Number of protein chains: 2
Amino acid sequence: MTNETIATAAETAHRELWYPEREDITIYGILAALSDPTRLEIVRTLARHEERCPFDFLDITSKQNLTHHFKVLREAGLIKSRYEGRKKFVWLRRDVLDELFPGLLDGVLGALDATSEPRP
Amino acid sequence: MTNETIATAAETAHRELWYPEREDITIYGILAALSDPTRLEIVRTLARHEERCPFDFLDITSKQNLTHHFKVLREAGLIKSRYEGRKKFVWLRRDVLDELFPGLLDGVLGALDATSEPRP
DNA sequence: GGCATAGTACAATACATCTTGTACAAAAGA
DNA sequence: TCTTTTGTACAAGATGTATTGTACTATGCC
């Protein structure tokens, strides 16, 4: 309600993004956001990079769909983004996540790595 | 398809339950199953008990809804159940889960405990 | 057998989600 | 300014989910 209003207004203004309040970040939202293969792959790749990544650093789906998934990740509290010129950069909110849900991200990413094929 | 056929047939026969093959248990399915508050509460409680728990050991929603959520958990690979007389008992598949996705369940449950109010 | 109890099946509702197509806005460069 | 690039907004369709109500099956006990 209030959140939605703010989000809509800010996003219509373009180049201004809404983020959830710290107390509105839930473990359910995080887990739901991570339960999609595309998004989990995004998060996994972001976690491997110290620096911010360009919006389309992964070529795994359509542009519109990437926008959608990044929005889900952002509204769940997992990522932050910023525009620089025409480009958009994205990064993981490790600080907040590790503080709110210690061990969660490491547990998920660790299990994911243990599952995946060994990388070269 | 094949799975659905088997599942339907077995469940129609009643008192016979279908479980996913080991290779069909995915981290996405696990995370999706855990992303619901009711189910996460179920799993958290099961994790605290060494022994099997009766079907309705948690009084948090309707009977039919419990059946639904236990089915989701079972088909995701998280739990096993068994009938004894009229009663149904449920337990967590810690062995399989820790082997397939090491650190996942501990990470989620640890984060959940860190989030929750301290218990007496 | 008759009856109560435990859990399921099924249908219906309401709602969220993923994906794609079309159209648009904002910035950069000529 | 005109054009290209980058990402969004919006709508539509297909699909999945959470919940409840009604009816049913299976078991145990009298």
Side-chain angles (χ1 to χ4, degrees), chain A residues 1 3-5 7-18 26 28-42 52-76 78-90, chain B residues 1 3-5 7-18 26 28-42 52-76 78-90:
Chain A
M1 33 175 300
N3 283 345
E4 285 190 327
T5 310
T8 307
E11 281 162 20
T12 302
H14 216 234
R15 314 272 136 169
E16 283 294 327
L17 295 169
W18 168 84
T26 68
Y28 316 112
I30 301 286
L31 291 171
L34 293 178
S35 70
D36 177 274
T38 302
R39 287 195 295 263
L40 192 49
E41 182 59 29
I42 290 174
R52 306 172 295 162
C53 295
F55 167 80
D56 53 352
F57 71 115
L58 280 178
D59 187 22
I60 43 180
T61 181
S62 67
K63 246 186 349 173
Q64 307 96 298
N65 208 18
L66 270 187
T67 298
H68 164 66
H69 285 307
F70 275 115
K71 182 179 178 185
V72 174
L73 290 170
R74 175 171 52 82
E75 296 187 342
L78 276 157
I79 63 164
K80 283 221 165 189
S81 357
R82 172 176 178 183
Y83 297 94
E84 294 189 8
R86 293 186 272 203
K87 305 261 334 156
K88 183 188 184 184
F89 293 88
V90 191
Chain B
M1 31 177 300
N3 283 345
E4 283 189 328
T5 310
T8 307
E11 279 161 23
T12 301
H14 216 233
R15 315 272 138 169
E16 282 294 327
L17 295 168
W18 169 86
T26 68
Y28 316 112
I30 300 287
L31 292 171
L34 293 178
S35 70
D36 177 273
T38 301
R39 288 194 295 263
L40 192 49
E41 183 60 28
I42 290 174
R52 306 172 296 161
C53 296
F55 168 79
D56 53 353
F57 71 114
L58 279 178
D59 187 21
I60 43 181
T61 181
S62 67
K63 243 184 354 170
Q64 307 96 300
N65 208 18
L66 270 187
T67 297
H68 163 67
H69 285 307
F70 276 115
K71 181 180 179 186
V72 174
L73 289 170
R74 176 172 51 81
E75 295 187 342
L78 275 157
I79 63 165
K80 282 221 167 190
S81 354
R82 172 176 178 181
Y83 297 93
E84 293 188 10
R86 295 187 270 204
K87 305 253 346 146
K88 183 188 184 184
F89 293 87
V90 191

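Just so it is clear, the structure is predicted and the values come from calculations on it, not from any experiment. Letters go in sequence order (proteins before strands), and every chain restarts at 1.
Residues Arg39(A) and Lys63(A) each lie close to DNA chain C; by heavy-atom proximity, the contact nearer the 5' end of the strand is made by Arg39(A). For the pair Ala32(A) and Gln64(B), nearest-nucleotide mapping onto DNA chain C gives the more 5' position to Gln64(B). With DNA chain D read from its 5' end, the first of the two nearest nucleotides for Arg86(A) and Leu66(A) is the one closest to Arg86(A).
If you take CZ of Arg82(A) and P of dA27(C), they are 14 Å apart, rounded to a whole angstrom. One atom, CD of Glu75(B), and another, P of dA18(D), lie 12 Å apart when rounded to the nearest Å. With rounding to whole Å, Lys87(A) atom NZ is found 19 Å from dA26(C) atom P. Atom P of nucleotide dT17(D) and atom CG of Asp36(A) are separated by 13 Å, given to the nearest angstrom. The interatomic distance linking Arg74(A) (CZ) with dG7(D) (P) rounds to 15 Å, in whole Å. Atom pair Tyr83(A):OH and dA26(C):P shows a separation of 11 Å (rounding to whole Å applied). Between the C1' atom of dA14(C) and the NE2 atom of His68(B) lies a distance of 14 Å, rounded to the nearest Å. One interatomic measurement links the two molecules: CG of Leu73(B) to C1' of dT17(D), which rounds to 14 Å at whole-angstrom precision.
Between His69(B) and dT19(D) there is a side-chain N or O to OP1 or OP2 distance below 4.0 Å. The phosphate of dT20(C) (OP1 or OP2) has a side-chain N or O of Thr61(A) nearer than 4.0 angstrom. For Ser62(B) and dT20(D), the shortest distance from a side-chain N or O to OP1 or OP2 is below 4.0 Å. Contact annotation: Asn65(A) side-chain N/O to dC18(C) OP1/OP2 distance is not under 4.0 Å. Look at Thr67(B) and you'll find a side-chain N or O under 4.0 angstrom from OP1 or OP2 of dT8(C). At the phosphate of dT8(D), OP1 or OP2 sits under 4.0 Å from a side-chain N or O atom of Lys88(A).
The shortest heavy-atom contact between Ala76(A) and Ala33(A) is CB-CB, 3.9 Å. Contact between Leu58(A) and Glu41(A) at its shortest, heavy atoms only, is CD1-O, 3.9 Å. Smallest separation of non-hydrogen atoms from Thr67(A) and Phe55(A): OG1-CZ, 3.6 Å.
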Under the side chain to side chain contact (heavy atoms under 4.5 Å, CB included) criterion, do Arg39(A) and Val72(A) qualify, and how do the steps go? CA-CA 9 Å; Arg39(A) 287 195 295 263; Val72(A) 174; 3.7 Å; yes
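When the nucleotides dC18(C), dA18(D), dT6(D) are ranked by their closest atom to the side chain of Val72(A), dC18(C) comes out on top.
Figure legend: Arg82(B) and Phe89(B) shown without cation-pi pairing, the cationic atom not lying both under 6.0 angstrom from the six-membered ring centre and within 45 degrees of its axis.
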